[in-house]
Amino acid sequence: MFWFWMLLRIILSPILYIVWRPQNSGMENVPKSGPALLVSNHQSFADHFFGPLPLRRRIFFLGKAEYFTGKGLKGLISKAFFTGVGVVPVDRSGGKASERALETGLRILAEGKLLGIYPEGTRAPDKRLYRGKTGVARLALKSKVPVIPMAMINTFDLMPAGQPYPRLGVRPGVRFGKPMDFSRYYGMEDDPKVLRKVTDEIMQAIRELSGQEYVDRYAAEVKAEMAAKRRSEAEGDG
């Protein structure tokens, strides 16, 4: 689907720059060639567009397999779109599926590509930054590639969950931080304490780039609590 990626860039890039005037910085921190792990906060569906926008290299992202399993025309369009923007389907149900996701990420990096990952595991329910899952640390230590912190800016305001199209009057952007070196931990990727330490260092680097408030909880847990509260309130109103 390289042709689709090129088509999106040719058509969408001028529109995104003219309409939203994104504020980007730190592109020089992303290697011009060779593998690197780009680790980002995840604020919005719009991250898929504005994150890779200022780079000339394609970023491959690990994404949930459900994006690729829809039926009919809608499913076909979804599969084509996510494949075209560089999303690689992985099963995120845990256990052996997590190992297969790790292997997929390592394969992409071994091919000398840029791999993007959202360590929060899901889009944040608000503007804050949430605890990262340690799979990102395992990828970093096993692959031994540069880790580039990446911060999406203003994309939550641009297109929060449930918003069908991006808002006007919001200037989004992306900031790429300096490469992080975790060579002192190589060979220790099976140590849970090391994985948590590396993950927390990465999340701290993202927080410094984004300026977000940090919450030491998983975003999925907070989203589940919010959904349960909404159901309870709806039942009460009923």
Side-chain angles (χ1 to χ4, degrees), residues 39-51 61-72 74-75 77-79 81-82 85 87-102 104-105 116-139 149-167 170 172 192-193 195-204 206-207 209-238:
V39 190
S40 179
N41 57 344
H42 197 10
Q43 293 277 290
S44 165
F45 181 76
D47 297 341
H48 292 296
F49 297 95
F50 288 97
F61 286 91
L62 300 183
K64 56 185 178 182
E66 288 85 346
Y67 288 147
F68 299 81
T69 56
K71 304 296 183 181
K74 183 178 180 181
I77 293 173
S78 175
K79 181 178 179 179
F81 170 78
F82 283 106
V85 297
V87 176
V88 179
V90 294
D91 183 346
R92 303 194 302 185
S93 58
K96 291 184 178 180
S98 297
E99 289 299 320
R100 289 193 293 271
L102 175 68
T104 299
I117 187 170
Y118 300 116
E120 290 167 286
T122 184
R123 279 179 287 179
D126 50 41
K127 296 181 182 181
R128 299 179 295 177
L129 180 68
Y130 287 82
R131 196 179 202 215
K133 296 186 176 182
T134 58
V136 65
R138 293 193 68 197
L139 264 173
M150 174 178 169
M152 301 306 308
I153 308 299
N154 292 337
T155 52
F156 185 89
D157 292 326
L158 178 76
M159 194 175 178
Q163 177 80 9
Y165 50 84
R167 294 168 173 164
V170 177
K193 291 183 179 179
L195 294 180
R196 173 46 56 194
K197 181 175 177 57
V198 170
T199 302
D200 289 346
E201 284 188 31
I202 293 172
M203 300 309 292
Q204 173 64 15
I206 295 173
R207 190 200 66 76
L209 284 172
S210 69
Q212 292 170 278
E213 176 187 347
Y214 179 74
V215 181
D216 195 20
R217 296 187 63 196
Y218 292 117
E221 294 176 356
V222 175
K223 290 172 77 170
E225 289 177 1
M226 294 170 67
K229 183 178 180 180
R230 286 193 296 267
R231 288 194 299 269
S232 178
E233 290 174 348
E235 292 169 359
D237 292 339

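- The two residues F156 and A124 have their closest heavy-atom pair at CE1-O, 4.0 Å.
- Note: Y214 OH to R128 CZ = 12.0 Å, rounded to the nearest 0.5 Å.
- Within the 4.5 Å cutoff, the side chain of S40 has heavy atoms near those of the M152 side chain.
- A 4.5 Å side-chain heavy-atom check between P160 and R167 finds at least one atom pair inside the cut-off.
- Counting only distance, with no hydrogens or angles, the side chain of S232 and the backbone of A228 share no donor-acceptor pair below 3.5 Å.
- Contact detail for A151 and L209: the closest heavy-atom pair is CB-CB, 3.6 Å.
- M226 and P125 get closest at one heavy-atom pair: SD-CB, 3.6 Å.
- Shortest non-hydrogen contact noted between Y218 and Y130 is C-CD2, 4.3 Å.
- Summarising the geometry, atom CZ belonging to F49 is positioned 7.5 Å from atom CE belonging to M159; distances are rounded to the nearest 0.5 Å.
- Looking at E225 and R217, a side-chain N of the basic residue comes within less than 4.0 Å of a carboxylate O on the acidic one, giving a salt bridge.
- Between the side chain of Q212 and the main chain of K127, a donor-acceptor pair closer than 3.5 Å is present.
- At distances below 3.5 Å, not a single donor-acceptor pair connects side-chain atoms of R138 with backbone N or O atoms of L195.
- Considering L129, V136, V198, N41 as possible partners of M203, the one that fulfils the side chain to side chain contact (heavy atoms under 4.5 Å, CB included) test is L129.
- Minimum interatomic distance between H42 and E120 (heavy atoms only, all atoms of both residues): N-OE1, 3.0 Å.
- Of all the heavy atoms in A220 and T122, the pair that sits closest is N-CG2, 3.9 Å.
- Note that CZ of R123 is 10.0 Å distant from OH of Y118, once rounded to the nearest 0.5 Å.
- The closest donor-acceptor contact from the side chain of D47 to the backbone of S44 lies under 3.5 Å.
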